[in-house]
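Shown next, in structure tokens, is the structure this report addresses.
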Amino acid sequence: MSPFTPFRRAPRALQHRAVALLLAALAAACERGTSSGVAPNAPARPASVVVHSDALPQSLNYLIDNSAMCRRLQRETHEALLTRDAHTLELRPVLCTGWRREDALVLTSGERLYGELEALEHGWRVKSSAAADAREVPAAQIARVVRGAAYTFDLRRDVLWHDGEPFDEHDVLFTWRMTRNPLVELGAKRDQFERIVAASSPAPFVVRFEYDKTYFGSLESIEALAILPRHLYDLHDPANRDHAPDASAEQQARYVNTHRCNREWIGLGPFRVASFTSEFLELERFERYFDPQRAAGLARVRLRPIADDRAAFQALLAGELDFSARLHADDYLGEVANSPAFSERFEKGAFYTPIATFVAWNLQRERFRDPAVRRALALAFDWDEFIASFYRGMARRVTAEWVDTGADYDESLAPLPYDPLEAARLLAQAGWIDRDGDGRLDKDGEPFEFALALLVGNQTGESLSQRLQESLARLGIGLAIESFDWPSLSERVKRRNFDAVVLGWTMPVDNDPAARWHSRTIGEETNNYCSFSDAQIDAWIEQVEVELDRAERTRLMHAIQARLYALQPYMYGVTVPKRYALSRRIAGFRASRLDPGFALREWRLSE
């Protein structure tokens, strides 16, 4: 496969001419346009507010679709038992009025005692909410202590599904049972749901989850449970139009995996799905939403996929879009976007969310197994120059994928410098030298060549891969660039059918590194894309999982970050602010630290 042709800028005179033409067109749109700012010859805008999206998800069922786009839409079209507030970052109840936590003593007999625990000199005292008296248990009878062994949620009684059916505890319990069905396509999320060992309903509109071990992220795993409407998804429910009382686990899993409502989504959120095509996703306000304080302010919102961010900017200027958070740096900093005519029509700004780009090395490939080789590849790339030229200075280097998630990210860990001489030395030390004078490093008769996979049409990935190709060529390494559409790229990553791949992570505030870095997650369809394994990392992760003290968990996360960065299973890249333009006909925009950095439900039309 031939490499990409390096990008070349147009002559400066042509650049100035293009800017002048755009400014003239923009001014004309403002002078001759209608009250909405659309030029007379531009296509009439739908009644909806139109929002730019780089793509649309394949499914809207977040239980089986782990994509960032699906998760973003769930925050508008669905609700969870609890959620993290986008502005305070505190967990708060949504589908419940509150919850209660219980610890547990696991006795040597196997019995479990739930309640409030108090340590005694020679044992423990447990006070159960169901018993009037506390019970003292000698240490000799106790096998282990589980903190956060059970969580009980009191559900709201005024919540309706988008089809008008009431939400209750049966929906929650059915969804949990689906997480126990090995044939339901949970993908990488299965690990966190498997920590919930039991679920029950002690009373109407009450659900209780039990954990076998202490886990710091127990509430986050419940937050991630995308509750399904039982009357639509459960074949054993007589209310289901496809009711099949004798359906097997395999039939039930296939029904969930392929259900029409995975796209024709019926949720609990402030927006309901009105139409979902290959060209757009139309949302409309759900008038029977249960919480007026969090209800949608807009009647309709249309998400329009445009893969090319430069083309999206032109659609914005033409009045075809009301919002884009993917402005190219050249457009954002250019004359058009900084003109008075543009400012009359749009608010412009930038904000960071916890997103980091990286190149993942497939450690199943022999040439990437040596950490010194991976370090050499990182030293060979000039990130500072790439930030200055491609991002126009609007990016920051990262040393872990959980950047901007809070205290767990160690800001003091310095990124590797650009040092091609040290890179060459490390490669030679690892046995990669040019033995036959053909300009290509080789070892054991094999040249150092590999393919880098990326998403087709992704300008960041294309520019990054071209620069990396040029940098590695100077060291004598051959890099072939391979572009794929998202379904094909995703499948290759799932099956580990790649040498290296350009990807990005969007991280939650309290992230669990186990899914990406613990050796138990090596295999297909997990988030351990690299097939990474390290005994010390495993040990630290296992400590993190049971550590409830915030400060100690942060110390461990810093240690994990430092060791991962030293071992370089990823070539860590940058975090880039979302550069946005928003039509002034929209009010209520507030940037937040949680992906995607804004909430459509908060928007309303300007008066």
Side-chain angles (χ1 to χ4, degrees), residues 53 55-81 83 95 161-163 167 170-196 199 209 220-237 240 242 244 247-269 272-273 276 278 281 303 485-495 503 505-506 508 512 515-516 521 523-529 595:
S53 174
L56 295 177
Q58 294 176 291
S59 167
L60 295 175
N61 181 356
Y62 187 53
L63 191 70
I64 60 172
D65 187 326
N66 198 32
S67 69
M69 179 54 68
C70 181
R71 184 182 64 252
R72 293 163 188 163
L73 287 168
Q74 284 270 301
R75 295 183 70 87
E76 308 291 353
T77 63
H78 202 30
E79 297 290 12
L81 289 177
T83 193
L95 295 177
W161 292 97
H162 290 159
D163 62 358
F167 159 79
H170 300 295
D171 299 309
V172 181
L173 295 181
F174 166 72
T175 305
W176 176 77
R177 290 196 299 272
M178 292 304 94
T179 70
R180 312 297 288 180
N181 186 328
L183 300 177
V184 174
E185 296 172 353
L186 301 181
K189 288 203 289 276
R190 188 176 299 280
D191 181 66
Q192 65 182 131
F193 295 138
E194 285 181 342
R195 300 173 189 275
I196 305 173
F209 297 99
E220 283 76 9
S221 64
I222 295 171
E223 179 192 13
L225 187 67
I227 301 169
L228 302 178
R230 183 192 174 205
H231 65 282
L232 296 175
Y233 278 88
D234 187 357
L235 286 172
H236 299 95
D237 188 343
N240 191 327
D242 298 319
S248 65
E250 181 180 0
Q251 289 171 317
Q252 179 64 76
R254 188 184 310 115
Y255 193 69
V256 170
N257 295 338
T258 61
H259 202 286
R260 61 182 175 82
C261 287
N262 292 344
R263 286 180 66 87
E264 300 170 18
W265 180 248
I266 302 295
L268 300 167
R272 63 178 292 274
V273 175
F276 191 0
S278 61
L281 171 62
L303 277 73
D485 60 25
W486 175 245
S488 300
L489 181 64
S490 177
E491 186 65 19
R492 281 178 169 268
V493 172
K494 284 180 182 179
R495 304 303 170 203
L503 291 172
W505 270 117
T506 302
D512 183 351
R516 300 182 303 284
T521 62
E524 295 186 356
E525 297 194 40
T526 72
N527 285 339
N528 190 344
Y529 302 145
D595 181 72

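We use all heavy atoms of the structure for the numbers below, so side chains are in, but hydrogens, waters and symmetry mates are not.
- Take E264 and apply the salt bridge (charged side-chain N to carboxylate O under 4.0 Å, His left out) test, not counting sequence neighbours, and it matches R260.
- Remark: E525 engages K494, R495 in a side-chain contact (heavy atoms from CB on, under 4.5 Å) (not counting sequence neighbours).
- Under the side-chain contact (heavy atoms from CB on, under 4.5 Å) criterion, A55 pairs with no residue at all, not counting sequence neighbours.
- Partners of A68 under the side-chain contact (heavy atoms from CB on, under 4.5 Å) rule, at least two apart in sequence or in another chain, are R71, R72, T506.
- The side-chain tip of R263 points at the ring of F276 from less than 6.0 angstrom away and within 45° of straight on.
- Judged as a side chain to side chain donor-acceptor pair (under 3.5 Å), and not counting sequence neighbours, the contacts of R516 are E401, N511.
- Listed by chain and number, the residues in a ring-ring contact (aromatic ring centres under 6.0 Å, His included) with Y62 amount to none (sequence neighbours excluded).
- Residues passing the salt bridge (charged side-chain N to carboxylate O under 4.0 Å, His left out) test with D191 are R195, R520, sequence neighbours excluded.
- For the side-chain contact (heavy atoms from CB on, under 4.5 Å) test, residues two or more places apart in sequence or in another chain that qualify with W486 are L455, L489, S490.
- Remark: E223 engages no residue in a salt bridge (charged side-chain N to carboxylate O under 4.0 Å, His left out) (not counting sequence neighbours).
- Here W505 pairs with Y570 under the side chain to side chain donor-acceptor pair (under 3.5 Å) rule; sequence neighbours left out.
- By the ring-ring contact (aromatic ring centres under 6.0 Å, His included) test, Y255 is found to be paired with H259, residues two or more places apart in sequence or in another chain being considered.
- Applying the salt bridge (charged side-chain N to carboxylate O under 4.0 Å, His left out) criterion to R492, with sequence neighbours excluded, gives no partner residue.
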